[in-house]
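One structure is given here, and the rest of the page talks about it.
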Amino acid sequence: MLERAGGFDATFSGYGREDHELSVRLWKMGARFGHEEGMEAHYRLEPNQWTFTRKIYLSAIADTRVWKRHPDVFPGRQSRGYVVREALALPANALRSPHTGGPRRLARTVVSLLAHACSLLPAQRPLGSPILLGDTVGALEVIGTDRTAPRSSAR
């Protein structure tokens, strides 16, 4: 099934979410995901608050790319209206924050909203077609010939 899905999308650049986008394609093809007892996830801690905040921001920018690529799975998240609705909900979220993760969670929400606004509020160019790493020739053409294309990185 992974081969049929085509692997990671080579047009993703910057930090994060290419794995989420791949999982959405796999889910659409019928893959099922679940929890495995005893499974552990290990996260690399960032050395300071600035790099942690930057990681949240870049991850939220990448979220919008996944939403645009799969509007059927994330309806209503491709427009400026989404940012406005989330901004209007921010005061209520702030009041609930002591019960839902405290100031750190609220700060994460604010940084994510800022990133979503930066990504969704300007005039949008439509996303180009995905270039899947399973299509080795197409992926190598993008990586090798276009200086603005994503650079390959270890996964």
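One is the number of the first residue; the rest follow in order along the sequence.
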For Ser112, which residues count as a side-chain hydrogen bond (donor to acceptor under 3.5 Å, both in side chains) partner, sequence neighbours excluded? none
Do Leu90 and Val83 share a hydrophobic cluster, counting only Ile, Leu, Val, Met, Phe, Trp and Tyr and linking them when any side-chain heavy atoms are less than 4.5 Å apart? yes
Audit row: Asp63, Arg77, salt bridge (Lys or Arg N to Asp or Glu O under 4.0 Å) steps and yes/no: CA-CA 10 Å; Asp63 282 339; Arg77 290 192 181 185; over 6 Å; no
Could you list the residues that satisfy side-chain hydrogen bond (donor to acceptor under 3.5 Å, both in side chains) with Glu36, not counting sequence neighbours? none
Find the distance between OG1 (Thr109) and CG (Leu114) and round it off to the nearest 0.5 Å. 12.5 Å
Linking I/L/V/M/F/W/Y whenever their side-chain heavy atoms sit closer than 4.5 Å, directly or via other members, would Phe8 and Met1 fall into one cluster? yes
Please determine, by modelled atom types, if Glu18 and His20 share a side-chain donor-acceptor pair under 3.5 angstrom. no
For residues 26-35, which side-chain N or O atoms pair as donor and acceptor with protein atoms under 3.5 Å away, sequence neighbours left out?
{"from": "Lys28", "atom 1": "NZ", "to": "His70", "atom 2": "ND1", "distance (Å)": "2.8"}
{"from": "Lys28", "atom 1": "NZ", "to": "Asp72", "atom 2": "OD1", "distance (Å)": "3.0"}
{"from": "Lys28", "atom 1": "NZ", "to": "Asp72", "atom 2": "OD2", "distance (Å)": "3.2"}

What are the two closest heavy atoms between Lys68 and Pro71, and how far apart are they? O-CD, 3.4 Å
Going by the angle between their ring planes, with limits at 30° and 60°, are His116 and Trp67 parallel, tilted or perpendicular? tilted
Taking every heavy atom of Ile61 against every heavy atom of Ala115, the minimum-distance pair comes out as CD1-O, 3.2 Å
So, taking the atom named CZ in Arg85 and the one named CZ in Arg80, what distance separates them when rounded to the nearest 0.5 Å? 13.5 Å
Tell me if the CZ atom of Arg54 is crowded by more than 12 foreign heavy atoms within 6.0 Å. no
Just wondering, do Thr11 and Arg65 contact through their side chains at under 4.5 Å, heavy atoms? yes
Does any part of the side chain of Cys118, heavy atoms only, come nearer than 4.5 Å to the side chain of Tyr57, both counted from C-beta? yes
Smallest separation among heavy atoms of Ala87 and Leu113, with atom names: CA-CD2, 3.7 Å
Which atoms form the tightest heavy-atom contact between Glu21 and Val66, and what is the distance? CB-CG2, 3.9 Å
Out of curiosity, Arg108 CZ to Lys55 NZ, how far, rounded to the nearest 0.5 Å? 9.0 Å
Could you tell me the separation between the OG1 atom of Thr51 and the CD1 atom of Ile56, rounded to the nearest 0.5 Å? 10.0 Å
Does NZ or CZ of Arg17 lie under 6.0 Å from the centre of the six-membered ring of Phe12, at an angle within 45° of the ring axis? no
Which heavy atom of Arg25 sits nearest to which heavy atom of Gly7, and what is that distance? NH2-O, 2.6 Å
